[in-house]
Number of protein chains: 2
Amino acid sequence: MQDGTFLSAGDTAVTDRGDAPVPGTPAGAIAALLDGTCPVRDVLDRIGDKWSVLVITLLGDGPMRFMELKRAIELVSQRMLTRTLRALERDGLITRTVFPTVPPRVDYELTELGRGLHATLAELARWSYAHRADVEAARATYDAREADSQAQVEPESLRA
Amino acid sequence: MQDGTFLSAGDTAVTDRGDAPVPGTPAGAIAALLDGTCPVRDVLDRIGDKWSVLVITLLGDGPMRFMELKRAIELVSQRMLTRTLRALERDGLITRTVFPTVPPRVDYELTELGRGLHATLAELARWSYAHRADVEAARATYDAREADSQAQVEPESLRA
DNA sequence: CAGTATCCCTGCCGATACTG
DNA sequence: CAGTATCGGCAGGGATACTG
């Protein structure tokens, strides 16, 4: 299974660019990525949704109960918070502890696995934050060019 | 602006867990994250979509032209490939070079910024791949528990 | 070849109401 | 408090047809 592991996520380090000429393109790995066969896709799907990263981040500072999370995020609907928590629990990233009191109390906490992802996400966040100016500048430049090319087509509306 | 930077992505390293007790919960940072004010959300949105990571990965091995990418991914629609490439270009992650030949030829290539993200994504991919078994096991366990609890409700259908 | 334009459908997600 | 159930909007993304 060490043929076309997506992003060379396998055994060797590939932090920099092309260390291998790439045979023909890892078509197998790509197919796997789309089938849901690829473990990378799983994580991508999880962090791609609107709330998971937020929850993982909040739980990075220790366990919280349902309403604590709800109030902390505040813009999330009850439905989505529940779904998000269930998905994270299913993937073994958080634990769900029910205290059979009345009213009920449920604590959510990162597992060891969850803390690992939390750390990796922090890496990504750090990169994003460090390069926020570059991205913003790139967008400004791009949008300015767009506006210019539009300006050469639209002026007729002023001559009407 | 060093109050509640999301995921502590600011100036200090936080690779491991909670190094600060967290005052009250960084409500401001969370609001910013949802407003689109947060640079982390930008990256999350980008890598959260279906094709961006794939494209960045493929371009990690050098420039490619439109049809090369299309054929490499093969399941992507023309429409979505174009949109993905435009978004990446706008964010300054790739460059688009048009050769005014006939038929036209367009090359896409990672920028310096893009190569940085490529490296960070490789980190994430490596983590995902390294822990794929844990996630799979967690899911199996979870799903088995689910099936069990269902089994105590459903049997009536067998007694009908 | 490298796109743009149009149609359409699925599923994500929010709002609301109800329950143990 | 901590959920589940149901309805509905709308954006992401695919299929197809057309263009420079």
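Values below: every heavy atom of this structure, side chains too, minus hydrogens, waters and symmetry copies. To find a chain, count down the sequence lines: A is the first, B the second, and so on, and within it residues start at 1.
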In whole angstrom, give the distance that lies between atom CZ of A:Phe66 and atom P of C:dG20.
-> 18 Å

Between P of D:dA2 and CE of A:Met64, the distance in whole Å = 11 Å

Under 3.5 Å: donor-acceptor pair, side chain of B:Lys70, backbone of B:Leu81 | no

Main-chain N/O of A:Leu93 paired to A:Thr111 side chain as donor or acceptor, under 3.5 Å | yes

By side chain to side chain contact (heavy atoms under 4.5 Å, CB included), which residues pair with B:Glu136, not counting sequence neighbours?
-> none

Between atom NZ in B:Lys70 and atom P in D:dG14, what is the gap in whole Å?
-> 10 Å

Under 4.0 Å between any heavy atoms, over every strand shown, what does B:Tyr108 touch: base, sugar-phosphate, or nothing? Just pick one.
-> sugar-phosphate

Side-chain N or O of B:Arg65 less than 4.0 angstrom from OP1 or OP2 on C:dC1?
-> no

How close or far is atom P of C:dA2 from atom CD of B:Glu89, stated in whole angstroms?
-> 15 Å

Whole-Å distance, A:Leu85 CG to D:dT4 P, equals 10 Å

Sugar-phosphate means primed atoms, P, OP1 and OP2; the rest is base. With that split, encode nucleotides 6-16 of chain C 5' to 3' as B, S or - using protein heavy atoms under 4.0 Å.
-> B------BBB-

List in chain and number order the residues that pass side chain to side chain donor-acceptor pair (under 3.5 Å) with B:Thr84, two or more places apart in sequence or in another chain; answer none if no residue qualifies.
-> none

Pairs in or reaching into residues 89-106 of chain B: which pass salt bridge (Lys or Arg N to Asp or Glu O under 4.0 Å), with residues at least two apart or in two chains?
-> A:Arg139-B:Asp91, A:Asp143-B:Arg90, B:Arg46-B:Asp91, B:Arg105-B:Asp107

Out of C:dG3, C:dC1, D:dC1, minimum distance to the side chain of A:Pro104 belongs to D:dC1

Kindly indicate whether the side chain of B:Trp127, heavy atoms from C-beta on, has any atom under 4.5 Å from the side chain of A:Val40.
-> no

Test side chain to side chain contact (heavy atoms under 4.5 Å, CB included) applied to B:His118 and B:Leu110, B:Leu113, B:Leu59, the passing residue | B:Leu110

Keeping the roles fixed (side chain from B:Arg41, backbone from A:Lys50), state whether a donor-acceptor pair exists under 3.5 Å.
-> yes

Intra- and inter-strand pairs of DNA chain C in dot-bracket (Watson-Crick or G-U wobble, both distances under 3.5 Å; | for another strand) = ||||||||||||||||||||

Could you list the residues that satisfy side chain to side chain donor-acceptor pair (under 3.5 Å) with B:Asp134, not counting sequence neighbours?
-> none

Whole-Å distance between D:dA15 P and B:Glu74 CD?
-> 12 Å

